[in-house]
Participant: 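What follows is a single structure, and I will ask about it in a moment.
Note on naming: letters A, B, ... go to the chains in the order of the sequence lines (proteins, then strands), and numbering restarts at 1 for each one.
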Amino acid sequence: MRRRRREHSAVEMQMGPMIDMVFLLLVFFMVTAKPIKPEADVNLGLPGMAEQDAPVDLPDEQRIQIRADGTVQLNEQTIGSADDRDLEKLLEGLTRLAKSSAAAKAELLITLSPDDEARHQRIVDVLNVCAKAGAKNVTFDQPSTEGGQ
Amino acid sequence: MDISLPLASSAVMPDDVSNRDIVNLDGQGQLHVANRDVTDDEMRAYLKERFRATPPLKIYLRADLNTPAKRIRQFMEMASQAGAVNVIFATYQR
């Protein structure tokens with residue numbers, strides 16, 4: 001009778017180490033897991049072809065140049081330095097132009113002319129400002145033809 | 001594909017991500033489709049075929065924040081010649 005009791009107590013489950021292990025695994029996965037960063041869209045229209053017979057309303061075209069060092073120019077006037085991320089002056093200028101285009105019942109068209117070596121982030125910075133100013137028609141000028149891969 | 005996307009405050013989360021073709025463009029200007037390096041000529045042929053086979057198609061360009069503008073414009077010209085009317089730039093929301 002005594003013997004049976006001893007055997008029964010020997011198979012008792014040890015919960016302490018198991019809980020330790022579960023917490024250890026939980027902490028490991030929390031530390032090593034990378035958060036998923038959702039991607040978002042910036043939509044850009046491509047230049048299309050207009051039919052020859054259709055009447056064409058000439059848009060009010062403004063030109064933004066992006067230099068290789070990140071300097072931004074609006075119609076040849078320097079309006080943003082390389083380290084100016086928010087481009088407040090460009091926003092002011094574009095907002096004013098958008099209002100004057102609306103008053104003249106013309107469509108504001110912005111043509112981006114980035115230097116070949118300008119960085120993509122700088123283009124996106126300028127697109128942000130165009131969106132804030134309410135410019136809906138934004139496009140790129142023609143690329144240089146040589147140097148493809 | 002290890003690409004650092006640019007940050008954009010004007011970016012919007014898409015409601016519909018169907019019918020998109022993803023093209024990656026790394027910081028050196030190399031084009032990739034489905035983890036495979038492709039030349040400009042291969043990309044032109046690929047886009048032409050895709051627009052012929054499955055219109056209307058949206059081109060989703062995952063370009064690195066350091067990609068030179070020249071390569072972005074060249075890609076946009078390829079897309080335009082293949083029949084695309086717009087290109088979606090992939091970004092992270094700022």
Participant: Against chain B, label A:Lys132 side chain, backbone, both or neither, depending on which of its atoms sit under 4.5 Å from a heavy atom there.
Facilitator: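 Only the side chain of A:Lys132 comes within 4.5 Å of chain B.
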
Participant: Answer with side chain, backbone, both or neither: which region of A:Ile123 has an atom nearer than 4.5 Å to a non-hydrogen atom of chain B?
Facilitator: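 Just the side chain, heavy atoms under 4.5 Å.
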
Participant: Side chain, backbone, both or neither: which part of B:Val85 has an atom under 4.5 Å from a heavy atom of chain A?
Facilitator: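 It is the backbone, since no side chain atom gets that close.
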
Participant: Determine, for A:Lys89 against A:Asp84, whether the closest basic-nitrogen to carboxylate-oxygen distance falls under 4.0 angstrom.
Facilitator: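 Salt bridge: no.
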
Participant: Among B:Leu25, B:Ile88, B:Ile72, single out the residue with the greatest number of heavy-atom pairs under 4.5 Å to chain A.
Facilitator: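 That would be B:Ile88.
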
Participant: Does this structure show an ion pair linking A:Arg67 with A:Glu117, if we count only N-O contacts that are shorter than 4.0 Å?
Facilitator: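 Answer for the salt bridge query: no.
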
Participant: Distance only, no hydrogens: is a donor on one side chain within 3.5 Å (strictly under) of an acceptor on the other, for A:Asn75 and A:Gln62?
Facilitator: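 There is such a pair between these side chains.
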
Participant: Contact part of B:Leu7 toward chain A, heavy-atom cut-off under 4.5 Å: side chain, backbone, both or neither?
Facilitator: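 Looking at B:Leu7, backbone and side chain both touch chain A.
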
Participant: Would you mind checking which part of A:Ile66 comes under 4.5 Å of any heavy atom in chain B, side chain (CB onward), backbone (N, CA, C, O), both or neither?
Facilitator: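 Looking at A:Ile66, nothing touches chain B.
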
Participant: Taking 4.0 angstrom as the limit, do A:Asp141 and A:Arg63 come out as a salt bridge?
Facilitator: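 Salt bridge flag = yes for A:Arg63 with A:Asp141.
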
Participant: Just by distance, with hydrogens left out, do B:Asp41 and B:Thr39 show a side-chain donor and acceptor under 3.5 Å apart?
Facilitator: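 B:Asp41 vs B:Thr39: no donor-acceptor pair found between side chains.
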
